[in-house]
Amino acid sequence: MRNLELAEIFDRIADMLEIKGENPFKVRAYRKVVLTLESLPEDIERIYERGRLKNIPGVGEGSAKKIEELLKTGKLAYYEELKESLPEGLVEMLSVPDVGPKTAQLLYKKLGIESIDEMEKAAKGGKIKGLEGMGEKTEENILRGVELLRRRTGRMLLGTAYQMSQSIIERLTTMDEVELISPAGSLRRMKETVGDIDILITSKKPKPVMDIFVNLPEVTQVLAHGDTKSSVIMENRVQVDVRVVESGSFGAALQYFTGSKQHNIKIREIAGKNGLKVNEYGVFRGKKKIAGKEEEEVYLSIGLSHIPPELREDRGEVESALKGKLPELVELSDIKGDMHVHSSWSDGVDTIPELAESAKKLGYGYIAICDHSASLKVAGGLSRERRLKQIAEIKKLNKKMADFRILAGGEIDIRTDGTLDCEEEVLKKLDIVVAAIHTGFKQDIETMTSRIIKAMRNKFVNVIAHPTGRLIQTRDPYQVDMQKVFTEAKRTNTFLELNSFPDRLDLNDINCREAKAHGIKIALGTDCHNRMQMEVMRYGVGTARRGWLEKKDVINCLELDDLLKLLAKKRK
DNA sequence: GCCGTTTTCGGCCCGACTGTTTTCAGTCG
């Protein structure tokens, strides 16, 4: 996938143009291309071959030519020229908090500073404070920024951010001054990784709320402490931003604070065209406030239907909302069962009855026990004998269950040649077969693609588990032509999993949307290895929503009988 | 650099906090 490489180059160009003091809107145009490239469901090379570059929103004449040059020659003259004109380390300086293009340029011009290290040295030596607009505090902030950058943890997994925010929210909620409180930002949008945690509060007395917040025991640094806005660094190095508004502005503030930035820009542009102004306090016609208390009325007042947070990435949701054609996104309460659960028969912790009991408490009507197959020895994969024994055991348990069904399933390895690690005679006895790749991740794209396709052509295979094999921030997806996988999945009536575990979320949001476009249905499973982990379903649902999925796109939104009918279809 | 039921030129979201300043620029989200 060259999309990300190209995105990186456009991002560097934007950085360099910023330092050079170019027109900020030009910089914004480049940034927009970056975001677009990052969220394309298809390889940019294919789009280019079809001559459709300029159909990509945000890509005009200039960018299309640059993309073409990069694809054809592997280089971009404009980019090389820019790099020639600026020292290499200057761009890196922008990654230091509180150091922006203006500061970097000033330090370069006046002091010849070309890198973070040189900047740190100058600040320590008191060389910066003499410059125009620079004082002692500036030097302190630069040193602090460098320190922060060096200790930065990067983005955290959605699951981590969710739990952290819950812990903070729980404690702030106990204050009398706190009325409403909600997570915002990329966490509320359920993005797979989260940088900072954003929390919005309504209160008539913001000051004491802020004082309590910046003095929470795990706060190690206060970056900003205002009456309505504060930022801190926690001991786990995560930045948390809190914003307080009055309750009449809750909806507008939540809208603003949830983002994404690109989405908000578009919203405000549309409002502007209708003679309205949107800010975090409300929607205004002249001085008159016409909306603000509820988020929904903010959207309605500018002529849009309410856009769910998970869609707010400027990926066409605003256009859909204008036409009143937003999808009715799947909800956690639509989920009738967990399609991927491990028991103590393989590498799980809990017994099958324990898992069933927990699932019932979640309001589910069924779960699919999908223990590993024999060749996955590290995970205690089930031999033929034990598999048959487990199937019998499940049958017995089901007889004792009222209004609940345990599905006998298996997470069966797809061997490197595409055959399955289980005899047909056994597969036949399972209610659901989930096939997965756990070995040979490094195969080339042709081999891997035909391997998965071969598995899908097996009539017993209902679902391909974690179809790209990625582990977020740990392992890249294996090389596979997803377009071919989608086409074949549709043809063979095979479903694709959205694995809900926070470090997988595989398929990701973009692939979910593309799968839906191919008419493929998704199976939501947690891949849990103990019953507590069943709650990670919320992250899977969040990702599904980011992928524009509706109830009808997810097979485990079906009642048991309909699900069984659907699964049986392929075997005929 | 992109874009067009106002436009092929002239716009392009909006405000809080900070620090260095006597009114604002830079940075960030």
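Chain identifiers are assigned alphabetically (A, B, ...) following the order of the sequence lines, protein sequences preceding nucleic acid strands; residue numbering begins at 1 within each chain.
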Between [N] ([atom2]) and [X] ([atom1]): distance, integer Å:
| X | N | atom1 | atom2 | answer |
| --- | --- | --- | --- | --- |
| A:Y256 | B:dC13 | OH | C1' | 11 Å |
| A:D314 | B:dC2 | CG | C1' | 13 Å |
| A:H263 | B:dC14 | NE2 | P | 15 Å |
| A:R31 | B:dC13 | CZ | P | 15 Å |
| A:D11 | B:dG1 | CG | P | 16 Å |
| A:I142 | B:dT27 | CD1 | C1' | 12 Å |
| A:L17 | B:dC2 | CG | C1' | 14 Å |
| A:R155 | B:dG29 | CZ | P | 11 Å |

If only side-chain N and O atoms of A:N279 are considered, is one of them under 4.0 Å from the OP1 or OP2 phosphate oxygen of B:dG15?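 Yes, such a contact exists.
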Between A:K32 and B:dC3, is there a contact of a side-chain N or O with OP1 or OP2 at under 4.0 Å?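 Result: no.
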Which sits closer to the 5' end of DNA chain B, A:K277 or A:D98, going by the nucleotide each is nearest to?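 Its nearest nucleotide lies further toward 5', so the answer is A:K277.
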Tell which nucleotide pairs with B:dT8, taking only Watson-Crick or G-U wobble pairs whose two distances are both under 3.5 angstrom.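 In the structure as shown, B:dT8 has no Watson-Crick or wobble partner.
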Looking just at side-chain N and O atoms, do A:S203 and A:E177 make a donor-acceptor pair shorter than 3.5 Å?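 No, because no side-chain N or O of A:S203 sits under 3.5 Å from a partner of the opposite role on A:E177.
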Is it the case that A:S260 and A:K191 place a side-chain donor and acceptor less than 3.5 Å from each other?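 The answer is no; no qualifying pair exists.
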In whole Å, measure the gap between the [atom1] atoms of [N] and [M] for me.
| N | M | atom1 | result |
| --- | --- | --- | --- |
| B:dT5 | B:dG1 | C1' | 24 Å |
| B:dT27 | B:dT21 | P | 15 Å |
| B:dT6 | B:dG10 | C1' | 12 Å |
| B:dT8 | B:dC2 | C1' | 12 Å |
| B:dT18 | B:dT7 | P | 44 Å |
| B:dC14 | B:dT20 | P | 30 Å |
| B:dC17 | B:dG11 | C1' | 29 Å |
| B:dG29 | B:dT23 | C1' | 24 Å |

Any carboxylate oxygen within less than 4.0 angstrom of a Lys/Arg side-chain nitrogen, looking at [X] and [Y]?
| X | Y | value |
| --- | --- | --- |
| A:R312 | A:E295 | yes |
| A:E550 | A:K516 | yes |
| A:R46 | A:E42 | no |
| A:K266 | A:E319 | yes |
| A:R31 | A:D11 | yes |
| A:K72 | A:E49 | no |
| A:D198 | A:R188 | no |
| A:K75 | A:E80 | no |

Quickly, which of A:V238, A:V194, A:I169 forms a side chain to side chain contact (heavy atoms under 4.5 Å, CB included) with A:M164? Name it, please.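 When side chain to side chain contact (heavy atoms under 4.5 Å, CB included) is applied between A:M164 and each of A:V238, A:V194, A:I169, only A:V238 qualifies.
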Does any residue of [range] have a heavy atom under 4.0 Å from DNA chain B, and if so, which ones, in number order?
| range | result |
| --- | --- |
| residues 287-311 of chain A | none |
| residues 48-66 of chain A | A:P57, A:G58, A:V59, A:G60, A:E61, A:G62, A:S63, A:K66 |
| residues 183-217 of chain A | A:D196 |
| residues 73-84 of chain A | none |

Reckon [X] touches a base, only the sugar-phosphate, or nothing at all at heavy-atom distances under 4.0 Å?
| X | value |
| --- | --- |
| A:N264 | nothing |
| A:P97 | sugar-phosphate |
| A:K266 | nothing |
| A:V278 | sugar-phosphate |
| A:K261 | base |

Which nucleotide sits closest to the side chain of A:P101: B:dC14, B:dT27, B:dC13?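 The answer is B:dT27, which lies nearest to the side chain.
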Proximity to the side chain of A:A29 - top-ranked nucleotide from B:dG29, B:dC14, B:dG1: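 Looking only at side-chain atoms, A:A29 lies closest to B:dG1.
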Between A:T543 and A:D509, does a side-chain hydrogen bond (donor to acceptor under 3.5 Å, both in side chains) hold up when you go through it step by step? CA-CA 5 Å; A:T543 303; A:D509 50 358; over 6 Å; no
Across nucleotides 16-23 of chain B, 5' to 3', mark each nucleotide with B, S or - according to how protein heavy atoms within less than 4.0 Å reach it. BSSSSS--
Within the 4.0 Å limit for protein heavy atoms, which parts of nucleotides 6-12 of chain B are touched? Write it as a string from 5' to 3', B for base, S for sugar-phosphate only, - for none. ------B
So which atom in A:I302 and which in A:A271 form the shortest heavy-atom distance, rounded to 0.1 Å?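 Smallest heavy-atom distance, with atoms named: CG2-CB, 3.7 Å.
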Inter- and intrachain pairs under side chain to side chain donor-acceptor pair (under 3.5 Å), touching residues 56-67 of chain A, at least two apart: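 Counting only pairs at least two positions apart or across chains, the side chain to side chain donor-acceptor pair (under 3.5 Å) contacts touching residues 56-67 of chain A are A:Y30-A:K66, A:K54-A:E61.
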Tell me, which pairs form a side chain to side chain donor-acceptor pair (under 3.5 Å) where one or both residues lie in residues 120-130 of chain A, sequence neighbours left out?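 Output for this query lists A:E120-A:R150.
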Given A:F213 and A:V178, is the side chain to side chain contact (heavy atoms under 4.5 Å, CB included) satisfied, shown in steps? CA-CA 11 Å; A:F213 169 62; A:V178 171; over 6 Å; no
Please enumerate all residues that pass side-chain hydrogen bond (donor to acceptor under 3.5 Å, both in side chains) together with A:S167, with sequence neighbours excluded.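 Per chain and number, A:S167 pairs via side-chain hydrogen bond (donor to acceptor under 3.5 Å, both in side chains) with A:R171.
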Can you list, pair by pair, the side-chain donor-acceptor contacts under 3.5 Å of residues 97-112 of chain A, counting residues two or more places apart and other chains?
unit_1 : atom_1 : unit_2 : atom_2 : d
A:Q105 : NE2    : A:I19  : O      : 3.1

Who pairs with A:H225 by ring-ring contact (aromatic ring centres under 6.0 Å, His included), at least two apart in sequence or on another chain?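 Here no residue qualifies.
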The criterion is ring-ring contact (aromatic ring centres under 6.0 Å, His included); which residues satisfy it with A:Y162, sequence neighbours excluded?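 ring-ring contact (aromatic ring centres under 6.0 Å, His included) check on A:Y162 returns A:Y539.
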Taking C-beta and beyond as the side chain, do A:E246 and A:Y281 meet within less than 4.5 Å on heavy atoms?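 No, every pair of side-chain atoms sits at 4.5 Å or beyond.
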